[in-house]
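Reviewing the structure listed below.
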Number of protein chains: 2
Amino acid sequence: MKADLFGKVLQEMRKERHLSQEKLAELCELDRTYISLLERGLRQPTLATLFKLAAALEINPSELVVRVEQKSD
Amino acid sequence: MKADLFGKVLQEMRKERHLSQEKLAELCELDRTYISLLERGLRQPTLATLFKLAAALEINPSELVVRVEQKSD
DNA sequence: TCTTATTGCAGACTATAGTCTGTAGTCTAA
DNA sequence: TTAGACTACAGACTATAGTCTGCAATAAGA
């Protein structure tokens with residue numbers, strides 16, 4: 001699994017929902033700069049963080065993972 | 001998301017495959033004691049670790065997450 | 001018994017997830 | 001020009017993921 005795939009998925013999902021990094025961070029109670037790190041592939045979320053992000057994006061956590069898998073092909 | 005759900009799923013999947021913690025650890029290049037910590041809900045894997053575990057269990061990472069979601073209900 | 005396989009668990013450690021503060025760059029609208 | 005919204009990024013920090021070593025407990029089989 002390439003390190004930056006999740007970041008790309010996260011950014012796509014966030015932009016589709018017209019959310020700023022700051023607004024997303026607020027929704028999932030994470031730091032704004034950490035969202036930036038995730039999107040740039042400089043951090044890997046834990047499973048608990050994945051669930052928080054998915055909830056904020058109103059998507060199933062597993063669906064987020066599916067999108068990462070699809071990018072792996 | 002309750003902290004120990006993933007651990008239960010992991011243990012179920014491992015036992016279905018008749019793998020010891022040690023063998024699973026070897027397959028995904030993680031420490032045996034860490035598998036134990038995961039199964040007991042004392043650690044949360046990162047996304048990268050989730051992918052490693054799924055590969056060792058010969059299952060899609062997203063399918064692992066689906067099982068955690070199902071336990072959340 | 002004894003041995004082997006398996007797992008829990010403690011303790012000390014290293015690597016990285018996640019926070020906090022601040023600065024600078026870009027873009028858009030007034 | 002300037003002000004506001006957005007983001008990249010640096011640095012120093014705290015919390016937790018993940019490793020390593022070793023010991024104790026249990027169960028199953030010779």
Side-chain angles (χ1 to χ4, degrees), chain A residues 1-65 67-69 71-72, chain B residues 1-65 67-69 71-72:
Chain A
M1 177 204 169
K2 280 178 61 182
D4 58 344
L5 289 179
F6 175 75
K8 293 198 193 310
V9 170
L10 177 61
Q11 188 172 64
E12 285 171 10
M13 302 296 295
R14 175 178 66 81
K15 289 189 172 173
E16 282 176 16
R17 285 154 181 73
H18 306 291
L19 293 171
S20 66
Q21 290 180 349
E22 186 154 19
K23 182 61 181 172
L24 174 60
E26 178 187 326
L27 289 174
C28 50
E29 297 180 300
L30 291 169
D31 197 82
R32 180 188 67 74
T33 64
Y34 178 57
I35 302 294
S36 173
L37 289 169
L38 284 174
E39 288 189 357
R40 284 179 288 146
L42 301 177
R43 291 291 189 282
Q44 292 290 316
T46 62
L47 193 60
T49 300
L50 181 82
F51 271 67
K52 282 189 191 178
L53 289 165
L57 293 169
E58 297 179 313
I59 189 176
N60 284 334
S62 56
E63 177 60 26
L64 259 182
V65 176
R67 302 215 179 195
V68 175
E69 289 167 359
K71 283 210 182 294
S72 302
Chain B
M1 175 203 169
K2 279 179 63 182
D4 57 344
L5 290 179
F6 176 76
K8 293 197 195 310
V9 170
L10 177 61
Q11 188 173 62
E12 285 171 11
M13 303 296 296
R14 175 177 66 80
K15 289 189 171 173
E16 283 176 15
R17 285 154 182 73
H18 306 291
L19 294 171
S20 66
Q21 289 180 352
E22 186 154 19
K23 183 60 181 172
L24 175 59
E26 178 188 326
L27 288 174
C28 51
E29 297 181 299
L30 291 168
D31 197 82
R32 181 190 68 78
T33 63
Y34 177 58
I35 303 294
S36 173
L37 289 168
L38 285 175
E39 288 190 355
R40 285 178 287 145
L42 301 177
R43 290 291 190 282
Q44 291 292 315
T46 61
L47 193 61
T49 300
L50 180 81
F51 271 67
K52 282 189 191 177
L53 289 165
L57 293 169
E58 297 179 314
I59 189 177
N60 285 333
S62 56
E63 177 60 25
L64 259 181
V65 176
R67 302 215 179 193
V68 175
E69 290 167 359
K71 283 210 183 295
S72 302

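Residue numbering restarts at 1 for every chain, and letters A, B, ... go by the order of the sequence lines. Keep in mind that the numbers below use all heavy atoms, side chains included, and drop hydrogens, waters and symmetry copies.
When the shell of 6.0 Å around CD of B/Glu58 is examined, it contains 12 or fewer heavy atoms from other residues, nucleotides or ligands.
Counting atom types as modelled, A/Thr33 pairs a side-chain N or O with a base atom of C/dC20 as donor and acceptor under 3.5 Å.
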Between A/Met13 and A/Ile59, does the side chain to side chain contact (heavy atoms under 4.5 Å, CB included) criterion hold? Intermediate values first, please. CA-CA 9 Å; A/Met13 302 296 295; A/Ile59 189 176; 3.1 Å; yes

Are A/Leu50 and A/Phe6 close enough, and set up right, to give a side chain to side chain contact (heavy atoms under 4.5 Å, CB included), and what steps lead you there? CA-CA 10 Å; A/Leu50 181 82; A/Phe6 175 75; 3.6 Å; yes

Evaluation steps, side chain to side chain contact (heavy atoms under 4.5 Å, CB included), between B/Val9 and B/Val65: CA-CA 9 Å; B/Val9 170; B/Val65 176; over 6 Å; no

Any chance you could lay out the side chain to side chain contact (heavy atoms under 4.5 Å, CB included) test for A/Leu30 and A/Leu24, step after step, and finish with the verdict? CA-CA 8 Å; A/Leu30 291 169; A/Leu24 174 60; over 6 Å; no

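Residues of residues 35-42 of chain A having a heavy atom closer than 4.0 Å to DNA chain D, listed by number: A/Ser36, A/Arg40. A heavy atom lying under 4.0 Å from DNA chain C marks the following residues of residues 11-30 of chain B, by number: B/Arg14, B/Ser20, B/Gln21. Of the residues in residues 45-58 of chain A, A/Pro45, A/Thr46, A/Thr49 come within less than 4.0 Å of DNA chain C through at least one heavy atom, sorted by number.
B/Arg43 places its CZ atom 16 Å from the P atom of C/dT16, with the value rounded to the nearest Å. Computed from coordinates, the A/Gln44 CD to D/dA17 C1' distance equals 12 Å when rounded to whole Å. Following rounding to the nearest Å, A/Asp31 (CG) and D/dT16 (P) show an atom-to-atom distance of 15 Å.
Under a 3.5 Å cut-off, the side chain of A/Ser36 and the backbone N or O of A/Arg32 do not form any donor-acceptor pair.
A salt bridge links A/Glu39 to A/Arg14: one of the charged nitrogens lies within less than 4.0 Å of a carboxylate oxygen. Using a 4.0 Å cut-off between charged side-chain N and carboxylate O, A/Lys71 and A/Glu12 make a salt bridge.
Taking CZ of A/Phe51 as the reference point, atom CG of A/Leu64 lies at 10.0 Å (rounded to 0.5 Å).
Counted by atom type alone, B/Asn60 and B/Ser62 present zero donor-acceptor pairs between their side chains at under 3.5 Å.
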